[in-house]
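The structure appears below as structure tokens.
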Amino acid sequence: MNKIAPELVEELIERDTEKREIGLPNLPLADGEKVVMRFAPNPNGAATLGSARGIIVNSEYARRYNGKFILRFDDTDPVVKRPLLEAYDWYLEDCDWLDAKPDEVVVASERMDLYYKYAVALIEKGAAYVCFCPADVFKTYKNRKVPCPDRAASIETNMENWNKMLTGVYAEKEAVLRIKTDMAAKDPALRDWVAFRILKKDHPRIGKRYEVWPNLDFESAIEDHLLGITHIIRGKDLMKSEKRQQFLYDHLGWQYPITKHWGKIKMQEFGKFSTSELRRRIEEGEYEGWDDPTLPTLKALRRRGFQPEAIRKFFISLGVSQTDIAVSMKNMYAENRKAVDALASRYFFVHNPEEMRLLNGDSFVAKALKHPSGTDYREIKTGNTVYISGGDYAKLKVGEKIRLKYLCTVEIESLKPLRAKVIDTEPKVPVIHWAPSDSINVKVKKPDGIEEGIGEPLIASELGNVVQFERYGFVRIDSVVGKEVVAYFTH
RNA sequence: GCUCCGGUAGUGUAGCUCGGCCAAUCAUUUCGGCCUUUCGAGCCGAGGACUCGGGUUCAAAUCCCGACCGGAGCACCA
């Protein structure tokens, strides 16, 4: 075949290597193009699972093509989605944690003069005008495909009015700057959109320096060009943005980046959530904070012991399809299990403990593997009692033989009180875990509540680590105070 | 109402640009088995999908038309 059709062979090889690139599809690239990607959140709260998708997919592409990844804060709304001062740093932390450290960080609210400059340039081109219509009045013009009277104002008048906007002559909602598009555009969503509006509210980051703020469509359009963004990947709710912004790019003679839009993602376990709503409920005290284990924030997942590479793999496996999806966290658990299984030491934690008296002997020592595939051992000493979980206890019958893992095999003598005699090891008996007589208290915070129990003392030595409570699940040891341990349940 | 976009197993996903290697990939879920010291771990195996109708073609998940279903935009939010 090589002799007859060498170009075919080449093509086959090419296809083969392309297929091996699992996860995200390749990006359309111009020759020698340097890829610049960005993730542009509004820092009005902590990053959520939704943010993670933006951070991971964009940074992953930047990495694949040896390009640049920019984190840009689109924080030009001090009122409706008001930025949270601490959240700027939180985003940086979360990016670092997800192995997506940005090459550059841009804060829109600090670049206002830039946006003003382009506002002026557009007015001078006759491509933007100051509109005094109340929102509902403009809407009727828009629906009738009729330009509003202000659209016809001269460039000089518009410059004058724009300066009046900037110097505080007008009240909020009295005037806006609109971009001229096409009032007869088929799609009503495209007709003469608002670029700047007046908001006389201080901005958490830069105070009261400005009263005229750009909208997302304007700010991000200017920034994407200035930052040299080559590819934009974002939610499909912003699909129309591209068409609106295209008018701006045409006015300025710019070339729009290549875009890709993904559908809405819903985690089945969390339902719908918006950052604004999360913030409201946290501020009302409904949750402990942004890292409350019931929340879909990255801070919470970190506290629960999720591994960043698992979260990356999970979102990359989701791809960038435009359909809305409802995914189960189980998929992420599965990914995380692979990451965490190798590094989590095993311990015994007993939920709803029941005391079991061991009849023949006063003290016992178990030599237990820290990890089933390792060779490190831990010693668990106990007196003539152990504790087994309420769940296991409920299933016991008198005369039944069970193995206390790593310790001994016993035969149940009585259930109330629970007594058992140690017998010779036998094959094929059920194996259960247990806790020693000198156990420490362990509270496990789960997304659906707190479970209390006891566990072997060595658990206290794992502060900050992810461990597996055998036959229970993975947890991260969050705090150790004396003999009280608090663990966050991973899955 | 106007406009735009999408529809592959229970859940996601690959394949669709350029029709044939697709009796459709991978993961997860479910079910079964194994591991004589994890019945929330690990290993092995099984099951399960191209929304429907028409058209083009030797050949359609892939191209065209229509229907149905779903989502998004029409904000002085992002």
Side-chain angles (χ1 to χ4, degrees), chain A residues 12 15 19 22-23 25 28 40-44 74-77 79-83 131 133-135 138-139 142-143 145 172-178 185-191 193-199 212-213 215-217 219-220 234-244 261 263-265 268 274-276 313-314 316-319 321-335 337-338 340-342 344 346 348 366 368-369 371-373 391-392 395 403-409 425-433 468-474 489 491:
Chain A
L12 283 176
R15 262 197 205 179
K19 269 191 181 159
I22 40 156
N42 174 16
N44 62 335
D74 285 350
D75 60 343
T76 58
D77 170 26
V79 178
V80 181
K81 289 186 179 167
R82 191 173 166 80
C131 171
C133 302
F138 187 84
K139 195 171 184 172
K142 179 172 71 186
N143 290 342
K145 302 188 181 181
E172 283 188 20
K173 304 199 175 200
E174 200 177 337
V176 294
L177 187 76
R178 285 187 189 277
K186 272 207 313 189
D187 187 343
L190 305 183
R191 298 169 197 162
W193 48 272
V194 171
F196 285 86
R197 78 287 208 202
I198 299 166
L199 297 168
V212 177
W213 290 91
N215 262 335
L216 177 75
D217 278 336
E219 176 268 325
S220 85
R234 60 185 167 196
K236 71 176 179 187
D237 48 318
L238 293 175
M239 254 171 159
K240 285 283 149 94
S241 270
E242 174 174 357
K243 292 189 173 162
R244 281 195 284 261
H261 296 96
K264 262 195 312 197
I265 176 170
Q268 289 166 5
S274 74
T275 307
S276 319
K313 279 185 188 160
F314 170 74
I316 288 168
S317 78
L318 254 35
S321 85
Q322 227 178 86
T323 22
D324 295 337
I325 52 176
V327 216
S328 168
M329 285 292 285
K330 283 180 182 170
N331 292 280
M332 196 156 97
Y333 295 163
E335 209 60 72
R337 204 172 284 134
K338 288 172 198 157
V340 106
D341 184 56
R346 269 58 170 171
F348 288 156
L369 279 169
H371 191 282
S373 60
D392 287 332
K395 285 181 246 166
R403 170 114 197 137
L404 297 172
K405 192 173 179 187
Y406 297 123
L407 189 67
C408 59
T409 306
T425 299
E426 285 186 33
K428 297 269 183 196
V429 295
V431 181
I432 65 168
H433 64 294
Q468 186 194 84
F469 285 167
E470 291 201 34
R471 299 213 299 140
Y472 183 81
F474 292 95
F489 189 70
H491 47 75

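- Contacts of A:V194 with the nucleic acid, taken as non-hydrogen atoms under 4.0 Å apart, involve only primed sugar atoms and P, OP1 or OP2.
- Only the C1' atoms considered, B:U56 is 22 Å distant from B:G7, to the nearest whole Å.
- If you check every strand for non-hydrogen atoms under 4.0 Å, A:I325 touches sugar and phosphate atoms only.
- Within the shown strands, B:G6 is the pairing partner of B:C69 under the Watson-Crick or G-U definition, both distances less than 3.5 Å.
- Crowding of A:K313 atom NZ: a count of heavy atoms from other residues, nucleotides or ligands under 6.0 Å not exceeding 12.
- Spacing between B:G40 and B:G32 at atom P, rounded to whole Å, works out to 14 Å.
- Residue-level contact check: A:D74 touches the backbone only, with heavy atoms under 4.0 Å from sugar-phosphate atoms and none from bases.
- Contact annotation: A:R337 side-chain N/O to B:A41 OP1/OP2 distance is under 4.0 Å.
- Within the nucleic acid shown, A:L190 has no heavy atom closer than 4.0 Å to any nucleic acid atom.
- With distances taken from any side-chain atom of A:D187 to the nucleotides B:U3, B:U28, B:C74, the minimum falls on B:U3.
- The residue A:C133 sits close to a base: some heavy atom pair falls under 4.0 Å.
- When distances are taken from the side chain of A:R178 to each of B:C76, B:A78, B:A41, the shortest belongs to B:C76.
- Under a cutoff of 6.0 Å and an axis angle of 45°, A:R346 and A:Y406 do not form a cation-pi pair.
- With a 3.5 Å ceiling on both atom-pair distances, B:C76 lacks any Watson-Crick or G-U wobble partner.
- Using a 4.0 Å heavy-atom distance criterion, A:P372 is classed as a base contact.
- Remark: B:G19 base-pairs with no nucleotide in the shown strands. Criterion, Watson-Crick or G-U wobble with two distances under 3.5 Å.
- Comparing the same atom, P, in B:A14 and in B:C26 gives a spacing of 14 Å after rounding to whole Å.
- Nucleic acid contact class of A:T425 (heavy atoms, under 4.0 Å, all strands): none.
- A 3.5 Å limit on both hydrogen-bonding distances identifies no Watson-Crick or G-U partner for B:U38.
- When heavy atoms are screened at a 4.0 angstrom cut-off, A:K145 is found touching no nucleic acid atom at all.
- The P atoms of B:A59 and B:G20 are separated by 14 Å, rounded to the nearest whole Å.
- Across all strands shown, A:K186 has heavy atoms under 4.0 Å from sugar-phosphate atoms exclusively, and none from any base.
- Taking the six-membered ring for Trp and thresholds of 30 and 60 degrees, A:F489 and A:Y472 have ring planes more than 60 degrees apart, a perpendicular arrangement.
- Among the heavy atoms of the strands lying under 4.0 Å from A:G473 are primed sugar atoms or P, OP1, OP2 only; no base atom is included.
- For a distance-only test at 3.5 Å, the side chain of A:K330 fails to qualify as a donor-acceptor partner of the base of B:U11.
- Residue whose closest nucleotide on RNA chain B sits further toward the 5' end, between A:E335 and A:K81: A:E335.
- With a 3.5 Å ceiling on both atom-pair distances, the Watson-Crick or G-U wobble partner of B:C63 is B:G55.
- A:T76 comes within contact range of the sugar-phosphate backbone alone, with a heavy-atom separation under 4.0 Å but no base atom that close.
- Across every strand in view, B:U30 sits in a pair with B:A46 that passes the Watson-Crick or G-U test at under 3.5 angstrom.
- Residue A:A326 is classed as a sugar-phosphate contact, given heavy-atom separations below 4.0 Å to backbone atoms only.
- Between A:K338 and B:A41, a side-chain N or O to OP1/OP2 separation shorter than 4.0 Å is absent.
- Checked by distance alone, A:Q468 brings a side-chain donor or acceptor within 3.5 Å of a matching partner on the base of B:U38.
- For A:A189 and A:D392, each mapped to the nucleotide of RNA chain B holding its nearest heavy atom, the one lying further toward the 5' end belongs to A:D392.
- A:L407 comes within contact range of no nucleotide atom at all, as no heavy-atom separation falls under 4.0 Å.
- Nucleic acid contact class of A:N215 (heavy atoms, under 4.0 Å, all strands): sugar-phosphate only.
- At the phosphate of B:C39, neither OP1 nor OP2 sits under 4.0 Å from any side-chain N or O atom of A:K428.
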